[in-house]
J.: 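Have a look at this one before I ask anything.
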Amino acid sequence: MKEEYRKWHSPNLNQECNMLVFGHGGMPLVLFPTSQGRYYQNKDEGMLEAARWFIDEGKVRVYCPDSIDHLSWYNQAIPPAARAYNQTCYDRMVLEEIVRPAQNETGVQRVATAGCSFGGYHAVNFAFRHPETVSYVFSMSGIFDISRFVSGGYDDNVYFNNPMDYIKGDNDPHLWKMGIVLGCGEQDVSLGDNRTMSGILGEKHIQHWLDVREHAVHDWPLWRQMFPQYLSLLLPSY
């Protein structure tokens with residue numbers, strides 16, 4: 001499995017960024033880490049090994065960036081507005097410094113996003129904010145109501161980074177063309193968020209798959225099982 005390490009200074013974040021890239025071609029997929037996770041977390045936890053066949057066969061090229069959760073939603077030392085602003089800067093970094101180059105490298109213009117736990121939030125938030133750019137989103141035990149991180153503070157940056165809120169009024173036609181998977185376990189702490197999001201999408205007649213696994217909990221064994229199964233949905237794109 002081809003692996004490449006990248007490091008650069010991000011103008012959007014004004015700090016150094018790190019990323020691992022796996023594969024030689026195929027659809028670009030941004031795989032976000034869990035809460036406050038690093039760029040190597042998904043590799044260390046076996047997610048890339050679980051996806052080896054798709055990567056080696058050139059079906060998907062996986063981009064694994066750092067998170068900045070410690071500067072945004074998990075940073076209790078700054079006001080909610082500042083946390084949301086930092087998240088918006090991160091979103092811009094992913095779009096301009098990861099997705100745009102990935103599109104150029106692969107020749108594929110609509111990418112996929114994926115993530116586990118808080119990475120599922122990032123995957124869904126990026127996809128729903130940029131539906132013209134994302135064709136598939138695979139959330140594994142994601143949470144989608146970010147209001148729990150802002151202690152009552154709420155502004156436009158919070159609103160437009162809270163998928164549970166802004167998706168209700170979003171009528172971008174690309175949302176109805178996106179492959180959306182909300183996966184979680186039957187005993188998962190994120191089950192409520194996934195059912196609520198599924199209900200919102202259902203009311204808007206946006207097709208999606210709410211995949212609830214029996215007896216499963218919020219942990220890596222579940223996500224390693226889900227990830228290659230969800231990647232198989234990309235195969236008709238080739």
Side-chain angles (χ1 to χ4, degrees), residues 13 29-39 41-42 45 47 63-76 80 82-95 98-99 111-131 133-134 136-151 153-154 156-168 170 175 178-185 188-201 206 208-212 217-220 222-223 226-227 230:
L13 298 175
L29 182 146
V30 182
L31 179 60
F32 294 95
T34 64
S35 56
Q36 306 185 71
R38 297 300 310 277
Y39 65 98
Q41 182 195 50
N42 278 298
E45 295 292 348
M47 293 293 284
Y63 296 75
C64 297
D66 264 330
S67 74
I68 63 152
D69 299 332
H70 64 292
L71 301 175
S72 58
W73 303 121
Y74 283 82
N75 188 354
Q76 297 297 311
R83 294 173 218 164
Y85 174 77
N86 288 343
Q87 172 62 36
T88 297
C89 292
Y90 182 70
D91 178 86
R92 191 180 308 120
M93 182 279 290
V94 173
L95 178 65
I98 297 176
V99 169
V111 308
T113 61
C116 310
S117 191
F118 207 64
Y121 157 74
H122 286 298
V124 165
N125 189 50
F126 185 87
F128 288 0
R129 282 173 62 101
H130 307 283
T133 301
V134 179
Y136 289 88
V137 54
F138 306 130
S139 169
M140 294 159 276
S141 301
I143 64 106
F144 312 117
D145 186 1
I146 215 68
S147 63
R148 68 194 73 179
F149 290 92
V150 295
S151 307
Y154 218 84
D156 281 352
N157 272 329
V158 176
Y159 177 85
F160 286 110
N161 282 293
N162 189 9
M164 204 77 89
D165 277 348
Y166 68 77
I167 193 63
K168 296 174 184 176
D170 192 343
L175 288 168
M178 188 183 297
I180 302 170
V181 178
L182 308 176
C184 64
D188 202 314
V189 294
S190 72
L191 179 59
D193 268 31
N194 280 269
R195 283 179 168 164
T196 300
M197 178 60 78
S198 176
I200 294 170
L201 296 176
I206 296 176
H208 65 285
W209 175 22
L210 176 63
D211 179 25
V212 180
V217 298
H218 189 96
D219 207 354
W220 291 101
L222 171 64
W223 306 331
M226 286 176 162
F227 191 40
Y230 296 163

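All values below were derived from every heavy atom in this structure, side-chain atoms included, with hydrogens, water molecules and symmetry-related copies excluded. Just so we're clear, the structure is a prediction, and the values are computed from it rather than from any experiment.
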J.: In the structure I gave you, are the side-chain heavy atoms of V212 and N194 within less than 4.5 Å of one another anywhere?
T.: no
J.: Quick one: salt bridge (Lys or Arg N to Asp or Glu O under 4.0 Å) partners of D91, sequence neighbours excluded?
T.: R129
J.: Tell me the closest heavy-atom pair linking C184 and S141, and the distance in Å.
T.: CA-OG, 4.0 Å
J.: Any side-chain heavy atom of D211 sitting closer than 4.5 Å to one from Y230?
T.: yes
J.: Can you check whether C116's main-chain N or O pairs, donor with acceptor, with T34's side chain at less than 3.5 Å?
T.: no
J.: Taking the side chain as everything from C-beta on, heavy atoms only, tell me whether L95 gets closer than 4.5 Å to F126.
T.: yes
J.: Just how far is it from atom CG of L182 to atom CG of L191, taken to the nearest 0.5 Å?
T.: 11.0 Å
J.: Of the options D170, V124, I143, which is the one that meets P163 in a side chain to side chain contact (heavy atoms under 4.5 Å, CB included)?
T.: V124
J.: I need the single residue from F138, Y90, W73 that forms a ring-ring contact (aromatic ring centres under 6.0 Å, His included) with H122. Which is it?
T.: Y90
J.: What's the shortest heavy-atom distance between P80 and V158, and which atoms?
T.: O-CG2, 4.2 Å
J.: Just how far is it from atom OG of S35 to atom NE2 of H70, taken to the nearest 0.5 Å?
T.: 12.5 Å
J.: Can you confirm whether V181 sits close enough to S139 that some side-chain heavy atom of one is under 4.5 Å from a side-chain heavy atom of the other?
T.: no
J.: On a heavy-atom basis, which atom in T113 and which in A123 lie closest, and how many Å separate them?
T.: OG1-O, 3.0 Å
J.: Indicate yes or no: at least one non-hydrogen side-chain atom of Y63 is less than 4.5 angstrom from one of V111.
T.: no
J.: Heavy-atom distance under 4.5 Å between the side chains of L222 and V217, does that happen here?
T.: no
J.: Nearest 0.5 angstrom please: R38 CZ to S67 OG, how far?
T.: 8.0 Å
J.: Is Y166 atom OH crowded by more than 12 heavy atoms from other residues, nucleotides or ligands, each under 6.0 Å away?
T.: yes
J.: So, does N42 use its side chain to make a donor-acceptor pair with the main chain of F32 at under 3.5 Å?
T.: yes
J.: Between L175 and I206, which heavy-atom pair has the shortest distance, and what is it?
T.: O-CG2, 3.5 Å
J.: Would you compute the distance between atom SG of C89 and atom CG of L71 and round it to the nearest 0.5 angstrom?
T.: 10.5 Å
J.: Rounded to the nearest 0.5 Å, how far does CG of D145 lie from CE of M164?
T.: 5.0 Å
J.: Find out whether H208 and S198 are in side-chain contact, i.e. whether some heavy atom of one side chain is under 4.5 Å from a heavy atom of the other.
T.: yes
J.: Are N125 and Q87 close enough that some pair of their side-chain heavy atoms sits under 4.5 Å apart?
T.: yes
J.: One pair to check against ring-ring contact (aromatic ring centres under 6.0 Å, His included): F149 and Y121. What are the steps and the verdict?
T.: CA-CA 13 Å; F149 290 92; Y121 157 74; 7.9 Å; no
J.: Just by modelled atom types, is the Q36 backbone N or O under 3.5 Å from a matching donor or acceptor in the D69 side chain?
T.: yes
J.: For N162 and S147, which heavy atoms make the closest approach, and how far apart are they?
T.: ND2-N, 4.0 Å
J.: Mark yes or no for whether N161, through its side chain, and N157, through its backbone, hold a donor-acceptor pair below 3.5 Å.
T.: yes
J.: Evaluate the ring planes of H218 and W223, with Trp represented by its six-membered ring, and classify them as parallel (under 30°), tilted (30 to 60°) or perpendicular (over 60°).
T.: perpendicular
J.: How many angstroms lie between atom CZ of R148 and atom CG of D193, to the nearest 0.5 angstrom?
T.: 4.5 Å
J.: Take F144 and I167, measure what side chain to side chain contact (heavy atoms under 4.5 Å, CB included) needs, and give me the verdict at the end.
T.: CA-CA 11 Å; F144 312 117; I167 193 63; over 6 Å; no
